[in-house]
*Asks:* 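So that we are looking at the same thing, I have put the structure below in structure tokens.
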Amino acid sequence: MFFLIFLAAAALVVLGLRVTDGSRLARAMCPEGLCFVLGTAVVGFAGLCYLTLWGEGAALARNQVSPALVAGAQLWILAVGIYVLSALRGAAGFPAWVADLIVLGAAYGAIRADGRVLLSVSSSMPDSPALPLGLWAVPLTMGWIWMVARMCAALSRVPSVSGGFLGLLAGLIFLLTGTASATHNSFPPSAMAALAGAGLATFLMSLRFPHLNLGWSATLAMGFVLGVASALELLKNTLPAILALALLALGLPLLDVTLVQVRARLRGQSVEWSQTRQRLHEALASRGVAPRKIALLYIAIGLWTCKLAYCVSRWFFEGPTHPAVTLLYALIVVGWTVGGAIGFFSIARLLMRRVPGEDVPESIEAFGVKISPVSMGEALDKIEEFIARGTPHHVLTSDANAILTSRDDPDYAAIMRRAALITPDGFGVIWGARLLNLPIYERVTGVDMVTGICERAAKKGYRIYILGAAEGIASTAARNLSERYPGLQVVGTHHGFWRRDPKNAAWTAEDDAKMAQEIAAQNVDVLFVAMGIPSQEKFIAAQLECMKTPVALGVGGSFDVYAGKFNRAPNYVQRMGLEWLYRVWIDPSRWKRMGYVPKFMLVALKTWLSRPPKNGAKPASGAF
Ligand code: UDP
């Protein structure tokens, strides 16, 4: 039945919104907010009538049928009344406190309409009665309902998500209470099912029609409904969870303000309050994030906080459990909270893009390595510049592994310092850099550079040499690339295991020198070395002058891909930053090396919390 109410409200609101979307007359007569409020109220009240007269709880409480219906009708009339009066207040230009008075008056009306709409002190023991608050009960309940309504109204600042948030909150309250079948015939379950349906349908609509806006008055009125539902007797044991939810989900702007403050404190800096009052969605929009992505991010954050509030309520406020179980629950909740906060903060930062006119330096020091914040096109232009100069240049693509290696290996660190160009390769580097708010946005990977360089080389006649990978791989890759880019001159290939001659396990510097001379003899413009980190960089650094190649670039396992030995991760996996996991999936022998992933995450988090970027690079975007 509740699912039907949910669907009916969703259908009615979608229908109403479609009508308002099309016709100007209908728009003037029936703004989205009114359509939302009326749709929810009609379905919510119809559901209440059905449940009261024929539903499961009806038989148990036949003598309560008419009081329950009357109370329900009064509460819905109050909600619609808030919407109408608040809209009139807005039209007349009266100040916001007039709306506060309207809500407080309606809250008082709700308490009179249903005697159970009163806060009381809850007990975690299932059967022990709630303690009444005496004289304080009425003002505290009015204050509570007003607070929830006002917090919901604040959601209208982010139009595309306000419906979704209302739906999530209603869904949460429904999940916490809807199973109590004996009380099905009271106001909250049908109201919450209707509001959840209407809200979530509106959110889906707003992804298609970004201008859709429920407005302040409708969110205020629906906030009143949520406030009343959460103050009803049913929710005594879940009030703390609802409060947590209100703080987390509705206080979303608090999240970034708090993070900025905490980070500044840890760094011994002070941040002006005005600096931190940048709303998350405004910051994201100004950094080129599409409204639809912002909306999805907000709803994902809402889902996360709802799940958190649900667990807190179920685990801690529903009777005693064994202390060890409680401790386990507490650990899960802390993990979920911290993991979610860092995760969503990272996602928000990762979604940001370079904006026109952004002042981006030539290179940026990230985790001790000087990385060039170039796009793929810019990196390829630089490579062409190096070829035109003709002097030897070492180009490096740096992933998290390379950064960690440079921290442990001074020789490797020195090579990195001398490199002509270091591009950000792995997702880990981008994540870490974005966490520090450094203007590094785009992965420029070795494997993509190979394609880009070969494409330009085919047009401009650059001479390419491929060194590395197992026997036969380099030549197969060369053939495949030449087929893909007709005119490409691959002037030589060699496998990468000359150092491991089976008859002569020990290799000498002379072997490397011989290899370098062979390459030098080919008059190469671009040398790809595919031997993995750090061997490829060490070989290039030691032999660069001898080889005289204008560009020598370490590209790891790229030729295994071009030779068809392994597939590249699908685009969506790359976009999700999970290419490293995909590579482990197709080549399980890589598991052993994956220790660098958590190690780099710890390094990045420690740097984020403890140190400002050393190079003095301006953070990419104000406070957020
Ligand atoms: N390789 C090589 N000589 C060696 C060791 C490795 O040519 O002595 C090759 C190996 O066959 C593989 C590449 O170097 O094709 C290393 O790829 P990996 O995936 O380890 O590098 P990453 O992309 O992770 O830097």
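Counting convention: from 1, in listed order, for ligands and their atoms alike.
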*Asks:* Could you establish whether Arg590 and ligand 1 come within less than 4.0 Å of each other, counting only heavy atoms on the residue side?
*Replies:*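 Arg590: in contact with ligand 1 (<4.0 Å).
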
*Asks:* Give yes or no for whether the N/O distance cutoff of 3.5 Å, strictly under, is met between Gln536 and ligand 1.
*Replies:*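 No: no nitrogen or oxygen of Gln536 is under 3.5 Å from one in ligand 1.
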
*Asks:* Enumerate the atoms of ligand 1 whose separation from the nearest heavy atom of Gly468 is less than 4.0 angstrom.
*Replies:*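 Checking each atom against Gly468, I get 7 (O).
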
*Asks:* Check each atom of ligand 1 against the heavy atoms of Asp560 and keep those under 4.0 Å away; list them by number with element.
*Replies:*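 In order of number, 12 (C), 15 (O).
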
*Asks:* Between Glu358 and Tyr441, is the side chain to side chain contact (heavy atoms under 4.5 Å, CB included) condition met? List the steps.
*Replies:* CA-CA 12 Å; Glu358 185 175 334; Tyr441 303 100; 2.8 Å; yes

*Asks:* Which pairs with one or both residues in residues 448-457 pass side-chain hydrogen bond (donor to acceptor under 3.5 Å, both in side chains), sequence neighbours excluded?
*Replies:*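 Residue pairs with at least one partner in residues 448-457: Asp381-Arg456, Glu384-Arg456, Thr445-Asp448, Asp448-Arg568, Thr451-Tyr562.
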
*Asks:* Consider every N or O of Gly496 and every N or O of ligand 1, then say whether any pair is closer than 3.5 Å.
*Replies:*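 Yes, there is a polar N/O contact under 3.5 Å.
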
*Asks:* Nearest heavy atom to atom 21 (O) of ligand 1: which of Ala402, Ala563, Gly557 does it belong to?
*Replies:*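 Minimum heavy-atom distance to atom 21 (O) of ligand 1 goes to Gly557.
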
*Asks:* Do the charged groups of Glu483 and Arg479 touch, with an N to O distance under 4.0 Å?
*Replies:*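 A salt bridge is absent here (no side-chain N lies under 4.0 Å from a carboxylate O).
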
*Asks:* So, does Ala530 sit close enough to ligand 1 that a heavy atom of it is under 4.0 Å from the ligand?
*Replies:*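 The answer is yes, since Ala530 has a heavy atom less than 4.0 Å from ligand 1.
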
*Asks:* Answer yes when Asp409 and Lys538 have at least one side-chain N-carboxylate O distance shorter than 4.0 Å, and no when they do not.
*Replies:*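 Result for this pair is yes, salt bridge flagged.
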
*Asks:* How would you list, by chain and number, every residue that makes a ring pair (Phe, Tyr, Trp, His ring centres under 6.0 Å) with Phe566, sequence neighbours excluded?
*Replies:*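 Phe566 satisfies ring pair (Phe, Tyr, Trp, His ring centres under 6.0 Å) with no other residue.
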
*Asks:* Give yes or no for whether the N/O distance cutoff of 3.5 Å, strictly under, is met between Ala469 and ligand 1.
*Replies:*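 Yes - when backbone and side-chain N and O of Ala469 are compared with those of ligand 1, one distance drops under 3.5 Å.
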
*Asks:* Any nitrogen or oxygen of Arg583, main chain or side chain, under 3.5 Å from a nitrogen or oxygen of ligand 1?
*Replies:*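 For ligand 1, there is an N or O atom that lies under 3.5 Å from one belonging to Arg583.
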
*Asks:* Check the pair Ser346 / Arg434 against side chain to side chain contact (heavy atoms under 4.5 Å, CB included), numbers first and verdict last.
*Replies:* CA-CA 7 Å; Ser346 307; Arg434 294 306 302 131; over 6 Å; no

